[in-house]
Amino acid sequence: MTGEALPGKALRALAAVIITMGLARLVAVVFGAPFFDEILYVWIGHNNPLNFQPHPPGTPLLGLLGTSLLGRTDSTLRVLPWLLGFCGPVLMYMLARSVTGSAAAAFWAVVVFCAIPMFNGFGIILTPDGPQLLLWILMLLLTWKAINSGRKRWWILVGAVAGLALYFKYIAVLYWPCLLLCLLILPQWRRQLRTAGPWLALVSGIFVFAPVALTVESANGWNSIRYHLEGRQKFVSPDISRIGEYFGLHFVHYSPIIYLGLLSALIWALHAAWKRRDEKLVFLGSFSVPVFAFFALITSVTARRLSREQWDSPAYVAALILLIIMVRELWNPVRARKLLIVCIAAMAIGYTEIALILFEGSTGLISRTMGIEPPFDCCLGFREMDRETDRQLAELPNGERKIFFGADFQLAMTYWYYSHNHVPYYGLSKKVEERYGVKEALKRWGIAEECLASQIGANAVFVEEFGALAIGEQRTRKAHRLNRLAGFFNKVEFVKSLEIPFGGRITKQFEIYRCYGLKPPPWEDGP
């Protein structure tokens, strides 16, 4: 069912919204510094592209493709996410129109979609969440076609897309219990479980994902599975502050009124779908309410904080269409004025929030004016640090081995990303390795602290980063660092502090050392 066609004027307005938001995102792509996670994905893509730790290889492969075609710069790693960002609203229109049968409903679904800061962010940053969201929308579109047609080819295709989604994020596996629930609720759909279609979908999904995943993971000791089941999640008693943080962030990331509307639509759908057994409400509810409930539950019983504010984004795809359906049903002459005011306010706040985020990310003016730390912990200044590091490496004695040594593996990887000086690079801090779930992988990749043993006698440039709040502590930490480096090298000398301004003030500082004669292990940490 496709319903009425969208008038040419509305279609042009829709295209204008999509293109305008795409151009706004381009500002962040061109002028915004990348986050370390993005550089990590690119590094993995260039050095170990089929690695499944800490995340599946889909995102690293996107980073590999973009930077291989256009070179390694702040912008090129985000080119493909930016281009994919145009697909989200288009797929959303196709899904909403297919399910509701209304071009008008699909139009407003896209307008709301583009007003959600989180969804726009996915079209800027190299992250698994953007491709996962696109594939989730595509899965819902194909599933709706498969359920209503019963044709095997649609089922096979949706299974293949579901398998592909797992290459970006493992939580795409939630599609399958949602599908089962969807088919069980209505008798006319329940009969499809006795046909080949849904089972062909499952087989095609396994065929696309399992052979590569099982082969790579078994060869690496199932590191990714152990990391996600053991290292990433630690179960604790429910904590109201942790739950409040999680849901509180959603009011920012999804915009306050829109987020309240999405939650209201989920609650409304539970009642309306049960009461009416309407196919579209059952379908949309099955692919939104369980996902939302799952993440709400694990938020309350896991120690990891602030880590799921984007994980549950697939829940809000179907919830957004439910919101449009709910508003259209509530719309009548009596409450039309109030609903219109709320809708206008929701859109205005959402688009304004996006504009402010893009402005702050590009200029730093808001945080400078308010006198607060910049909200984006990005790799600002790392290009300047790497240029200075290359100059210091050139000052080391010629004819002797040279290495880059970072206070953590983040510095090592950013040095690889920006520098054209191809010297071996290593990272020091174990804490950061554990945070990103790559402790064992770094040893396997040969850049962990333990791998320094192959460079005995080498000279090094060592770099440590200080964020804005830590700059005042550098004297104490500098003394500690000199003592620790003395346990690694025969001679250590402090070279300079490289200050990075942003928004009219110093926001980051790099301490740079020259080190001579790496000692044999075991290395002493110093006091």
Side-chain angles (χ1 to χ4, degrees), residues 26-47 60 63-64 66-82 124-127 358 360-365 367-368 373-396 402-428 432 447 460-468 470-471 474 495-514:
L26 186 60
V27 173
V29 170
V30 173
F31 296 104
F35 297 102
F36 172 71
D37 302 62
E38 298 177 272
I39 289 178
L40 172 60
Y41 289 130
V42 175
W43 189 95
I44 293 173
H46 279 266
N47 293 276
L64 169 63
T67 54
S68 295
L69 292 174
L70 301 171
R72 296 201 296 261
T73 70
D74 284 346
S75 303
T76 52
L77 57 74
R78 292 177 167 179
V79 167
L80 290 181
W82 177 71
I124 297 172
I125 302 169
L126 180 66
T127 170
L358 293 174
E360 166 63 19
S362 302
T363 68
L365 184 60
S367 58
R368 181 188 67 184
E373 176 111 8
F376 307 111
D377 184 18
C378 62
C379 292
L380 178 74
F382 277 77
R383 181 182 293 278
E384 291 80 359
M385 179 274 290
D386 288 325
R387 287 173 180 165
E388 180 61 35
T389 299
D390 284 343
R391 284 193 287 269
Q392 296 302 326
L393 282 166
E395 294 294 322
L396 293 175
K402 303 177 183 181
I403 62 173
F404 174 84
F405 194 18
D408 54 54
F409 86 101
Q410 295 171 292
L411 285 157
M413 286 189 175
T414 51
Y415 176 75
W416 164 85
Y417 186 80
Y418 288 117
S419 176
H420 298 290
N421 190 349
H422 302 293
V423 302
Y425 46 91
Y426 302 87
L428 180 63
V432 182
I447 61 175
V461 171
F462 180 88
V463 178
E464 183 168 20
E465 174 200 1
F466 292 90
I471 288 176
Q474 72 262 33
V495 177
K496 67 182 300 184
S497 294
L498 179 65
E499 296 181 338
I500 305 298
F502 181 65
R505 62 192 177 99
I506 302 301
T507 59
K508 196 170 293 185
Q509 182 171 294
F510 296 95
E511 301 287 292
I512 301 175
Y513 303 78
R514 285 202 292 257

Tell me if a side-chain donor or acceptor on D408 pairs with a main-chain N or O of L411 at a distance below 3.5 Å. yes
Near-ring test F510/F382, centroid separation under 6.0 angstrom: yes
Chi angles and distances behind the ring-ring contact (aromatic ring centres under 6.0 Å, His included) call for Y417, Y425: CA-CA 11 Å; Y417 186 80; Y425 46 91; over 10 Å; no
N/O donor-acceptor pair under 3.5 Å between K508 side chain and I500 backbone: no
K402 and L393: which non-hydrogen atoms are nearest, and at how many Å? NZ-O, 3.0 Å
Please name the pair of heavy atoms, one in T73 and one in R383, separated by the smallest distance, quoted to 0.1 Å. CA-NH2, 3.6 Å
Using the rule given for side chain to side chain contact (heavy atoms under 4.5 Å, CB included), can you reason through T76 versus L69, listing the C-alpha separation, both sets of side-chain angles and the distance that settles it, and then say yes or no? CA-CA 9 Å; T76 52; L69 292 174; over 6 Å; no
Tell me, please, which residues at least two apart from Y415 pass ring pair (Phe, Tyr, Trp, His ring centres under 6.0 Å). F404
Set of residues satisfying salt bridge (charged side-chain N to carboxylate O under 4.0 Å, His left out) with respect to R72, sequence neighbours excluded: none
Which pair of heavy atoms, one from I512 and one from V463, lies closest together, and at what distance? CG1-CG2, 4.2 Å
Applying ring pair (Phe, Tyr, Trp, His ring centres under 6.0 Å), name anything that partners Y418, two or more places apart in sequence or on another chain. none
If the condition is salt bridge (charged side-chain N to carboxylate O under 4.0 Å, His left out), which residues does E388 pass it with, not counting sequence neighbours? R391, K496
How far apart are the closest heavy atoms of A460 and F405, and which atoms are they? CB-CB, 4.3 Å
If the threshold is 4.0 Å, N to carboxylate O, is there a salt bridge linking R514 and E395? no
Evaluation steps, side chain to side chain contact (heavy atoms under 4.5 Å, CB included), between I39 and C379: CA-CA 9 Å; I39 289 178; C379 292; 3.9 Å; yes
Side chains of T127 and E38: does their closest heavy-atom pair fall under 4.5 Å? no
Out of D390, V423, L396, V495, which residue meets the side-chain contact (heavy atoms from CB on, under 4.5 Å) rule with V461? L396
Would you please name every residue forming a side chain to side chain contact (heavy atoms under 4.5 Å, CB included) with P81, sequence neighbours left out? L126
Under the criterion side chain to side chain contact (heavy atoms under 4.5 Å, CB included), I'd like the reasoning laid out for F36 against M413: C-alpha separation, chi angles, the key distance, then a yes or no. CA-CA 9 Å; F36 172 71; M413 286 189 175; 4.0 Å; yes
For the pair H422 and W416, evaluate ring-ring contact (aromatic ring centres under 6.0 Å, His included) and give the outcome as yes or no after the intermediate values. CA-CA 8 Å; H422 302 293; W416 164 85; 9.4 Å; no
Among all residues two or more places apart in sequence or in another chain, which pass the salt bridge (charged side-chain N to carboxylate O under 4.0 Å, His left out) test with R387? none
Distance col, row M385:CE vs L380:CG, nearest 0.5 angstrom, shows 12.0 Å
Counting C-beta onward and ignoring hydrogens, is there a side-chain heavy-atom pair between V42 and L64 closer than 4.5 Å? no
